[in-house]
Amino acid sequence: MEEAEVIALVRAGEVDAFAGIIEHYQSPVIRYLYRLTGDYEMAKDLAQDTFVQAYKGILKTDAELSFKAWLYRIATNNAFQHSRRKKLLSFIPFTSKERDIQIADERPDCPEDTVAIREALLKIPQEQRTCLVLHFVEGFKYREIAETLGCSEEAVRKRVARGRKLFIEVYDREGGGKA
Amino acid sequence: MSCRDLEELLSAYADGELSRTQREFIEEHLAGCADCRATLAEFTAAGRRLSSLTEAPAAQDIGEATMSKIKAASASPEKNLRRWLRPAMSIGTAVIIITLLLVTQPWVMKSPEALAASIVRSSPEVREALNGKEIKEVEVTTSVVDDKGNVLMMLVRTEERAIATSVDLDTKRVTEIVRVSVPDFQPGDEQRALDIAKADPRVQELLAQGGIIGEVHLAYSIDIEQVTGPDGVTRKEGTVTTTAFIFIDLDGKAWSVAVDMDEERVMGIGTPSNAMILVHIHQFVSTIASPILLVLGVLLILGLAYNNRAARAAAGISSLVLGIIGLFIELYGMSSIWWRLVLIVGLPAAGLVIGITDLRQRVTKRWVPISGVVLCSLAIAFNLFLVIIVPDGDIGAVIGVAVVIVGIIVYALYEQIRKIPRKWWRPALIVGIAAIILVLALVQPWSGSLEPQSVLAKTHEALESIQTYRFSYFGTTTVDGETSSHNMEVMFAAPDRYHINVTIDGQRDEFIIIGDTQYVTNNAFGRASIMASSGSFSSILTKEATLDVLDELGDLQTLPEETIDGVRCLHYLGKWDMEKRIEGTRRNIQEYNAESDTRVITDEQMEKMFEQMRSIDITHEIWIGKEDYLIRQMKTEQRGPVDKEGIFSASMTMRYSGFNQPVTIEPPLDAEGNLLPGWSIYAFSPKEIFFNCQTRFEVTGEDPAHRQINAIITVTNTAMEATAGNVRVELRNSEVFKGNDETPWIKAVPSNPEPVNLERGESETFNASWECDTSHIAGDELDELLERAVIKVTYFTSEGDEATRMYTAGGAVYPSAIPPASPPGK
């Protein structure tokens, strides 16, 4: 079934039709969120939120964006929000910092080099990291990134370039470059 | 363009994201630049590395979980609920905070000194001690005693006199009033104080260690002590001395040296005491706490009103700070009301804020919102206990608690409420509002607190359950322009124990009343009964009498609220319902007459008495604590005619305090049950014999120098059950036998042969005749002077003891068992 058809069905009240969309997008969206946050469980939670918001959004708006870009925009916002919350919560009692520590412990994919790459990536400022992940991991073209993030292609090009330079710096410094 | 500037293009080139022109330009450059080639290689390698992250852990299926969330969301009009929920919560919180601030009025909390000063200024005792003169100055004299810092000595001055008072801040009462004379500060006193201090070895040591003399303050200090005068009477005497405080600064620590200027010596050297620190903390808290509370309250409201994390964080932190402030104040035992405020607002709000944030955002582990809800529930349970079960609830706190409960229910059942179909919302809202209106209409919380009559009913109820209280009584009686004053300090312990200290015109008596038994100190006025002599039908000494006053007040007017001893009071003026009282008296007399064989009190006497009662005007001004409905003060004014043309007026002020505080009232007996020295007993026994004694005079003879006077005296035994044996009657009249110091008693002869034994209710008529010289008395004065004769009735009690009772010819009980040296009535 075509994406557009599914969306039309959902708009018409066929809630179950949305399951197909989730099935199709869940792996890349979870991966994307995981790469941005470094926390696999959190990525799963955020992905759920992302799909719920996307579903509500479909009902509400006639999106002028492509569905994919739009879905990734929601996911990106959720990831940004999560990191802001994490920063804020470190000031408030009652919240644990366990998740910050989990990053180092949780390694579902094990090649050593991948770990170094992953950790270097997480040290890069969020905006640049987003562009790097979208381009290299999710295979987005600069134009698609610009559409997703709501910015110009020039901005994307700048962010990718800066992010890439920073990544090289961090990766080499942290010893990943020995290989 | 340098190579560095090309980096961005190189990056895009590596990603295949350049336009053709750009690509050609870069390729041209790369051909001739080894550095850029190296950079490109690096860039490409980095890209490759990052691309390796495409390999992600095997994705778990989140489809089912997500779909159930989506279905839940699509089934409910969440938007609608949310739209009103948050404003409702914030309005609710605003209501709680504002009502609580209004109810508790933390901003009217005063510093201890200001509080003490206002207690002193509003004290009727102080006003009396100053003869009603305007208070010019109230000065704290620094004698902060007591480890809680609760007793302050104050110097109160008018233009012409000064009194020393001590104020107990716990009970908010003036505990001592002593007249003092205040020395003036003399020029050069500061220097003199310094000289005295410098002569002291301890001060010399402080100075030797490098102490620097700072400020010098002159102050008064008051000393109140018990002094027994040469007449054996113990009284309080206050002395005011000038004290200088010299501050010496040594290593950042302030030492204060107190110098007694009169005795020219150093009284003490010390660092500021804990009590002083406490006073300062109290002052600090009371001045800054209100604005802080307001700010915290606003933060709470913002936190609930905006779905903004910063606002929520501020709200959470403000609740925490509220809790800390409350705990701090509680630890220092300063005021329980603060703690209540914190419990009512702080804990539930903290729980709510944290709970809401978590439940909605799943920020933390599950135990966090759950513990928040537990905290809220504890606070609410505690408050329900305080405001509903303990009978000092105020409506504001109840509203606050109710709003918190509703808020918690809404949030706890949020998911369930969301599932309620939209069509039920409107009916549910209407039913809810209707229920609230119905409850308000039934309970009418506003009417009960406003109607004076129902306030008095509540006061009756509140006072009835009180087991102990104290009151100080201050009264003045003016007859024909002559005023006498009487003070009483009364302690009451349920059911029937009273301890009364009476001062009448400067003479002091003590009474202990336990049931029907009255113990009196020997100099008490003629062993008269305090209850009987405390003043006709307006006696308010007993708890029952006070309750009667509350029941029998009519024509109530509401006067402006006033503060008595620091307690906000409702204030009413009411008139004594005399007809009601007359009816009650009539019933009592009729019952009494019915029990007796003969009419002890005749209808004629009764009506005469009622006539007199009707001519008396009695008003009561009552102050009732707004929170607990206990009577705090009562002022009674009486006015009425006396004799033929005179006017008497009496004013009594009673100030009640110490409700349900422990009071011990024990009979003045030693271990063997014997009376302690100085005490005697006055019992209301049914065997006690009282007479009704009526005297009529017949004057015959034309010559004023040789008048024949005949007194016909009717004596009735009005005892409950005792027989008076061998009753003998004598009469004497110093007025008529003018110039005769040793006025003889004239024996009156009974109409029946002696001995005259009078059983209960029996009467006997006695006759006494004598001739006297009335030439010095104007004709119309004679009747009046004869009325002043003293009748002495001597009899044997049922135990066989001889006893005496005295009456005036007018029929009144003579105020003393011993006839006065000078004739009465002058």
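Each chain gets a letter, A, B and so on, in the order its sequence line appears, and its residues count up from 1.
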Original post:
Would B:Met67 and A:Val15 count as a side chain to side chain contact (heavy atoms under 4.5 Å, CB included) if you check the C-alpha gap in whole Å, the side-chain angles of each, and the deciding distance to 0.1 Å?
Top reply: CA-CA 8 Å; B:Met67 280 314 289; A:Val15 182; 3.9 Å; yes

Original post:
Given the rule in the side chain to side chain contact (heavy atoms under 4.5 Å, CB included) test, do B:Leu50 and A:Val137 qualify, once you have shown the distances and angles that lead to the verdict?
Top reply: CA-CA 7 Å; B:Leu50 284 167; A:Val137 182; 5.5 Å; no

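Heavy-atom pairs under 4.5 Å with chain A were tallied for B:Thr39, B:Ile62, B:Thr66, B:Leu10; the largest tally goes to B:Ile62. In terms of heavy-atom pairs under 4.5 angstrom with chain B, the leader among A:Leu121, A:Asp16, A:Leu132, A:Val160 is A:Asp16. Among B:Ala65, B:Gly63, B:Gly47, the residue making the largest number of heavy-atom pairs under 4.5 Å with chain A is B:Gly47.
From A:Glu138, atom CD reaches atom OG of B:Ser51 across 11.0 Å, with rounding to the nearest 0.5 Å. Taking CZ of A:Arg143 as the start and CD of B:Glu17 as the end, the distance is 9.0 Å to the nearest 0.5 Å. Separation of atoms CG (A:Asp172) and CD (B:Glu42) is listed at 6.5 Å; rounding is to 0.5 Å.
Heavy-atom distances place the side chain of A:Phe167, and not its backbone, under 4.5 Å from chain B. Contact annotation for A:Glu23: neither backbone nor side-chain heavy atoms come within less than 4.5 Å of a heavy atom of chain B.
For the pair A:Lys165 and B:Glu7, the salt-bridge criterion is met [side-chain N within less than 4.0 Å of a carboxylate O]. Using a 4.0 Å cut-off between charged side-chain N and carboxylate O, A:Lys141 and B:Asp15 make no salt bridge.
Nearest heavy atom pair, residue A:Arg31 against residue B:Leu53, reads CD-O, 4.2 Å. When all heavy atoms are compared, the tightest approach of A:Tyr142 to B:Ala12 is OH-CA, 3.8 Å. Among all heavy-atom pairs drawn from B:Lys69 and A:Val52, the shortest one is CB-CG2, 3.8 Å. Contact record, B:Phe43 with A:Arg164: O-NH1, 2.9 Å, taken as the closest heavy-atom pair. Scanning both residues, B:Ser11 and A:Ala161, for their nearest heavy atoms gives OG-CA, 3.5 Å.
Environment of CZ in A:Arg157: crowded, with over 12 heavy atoms of neighbouring residues, nucleotides or ligands closer than 6.0 Å.
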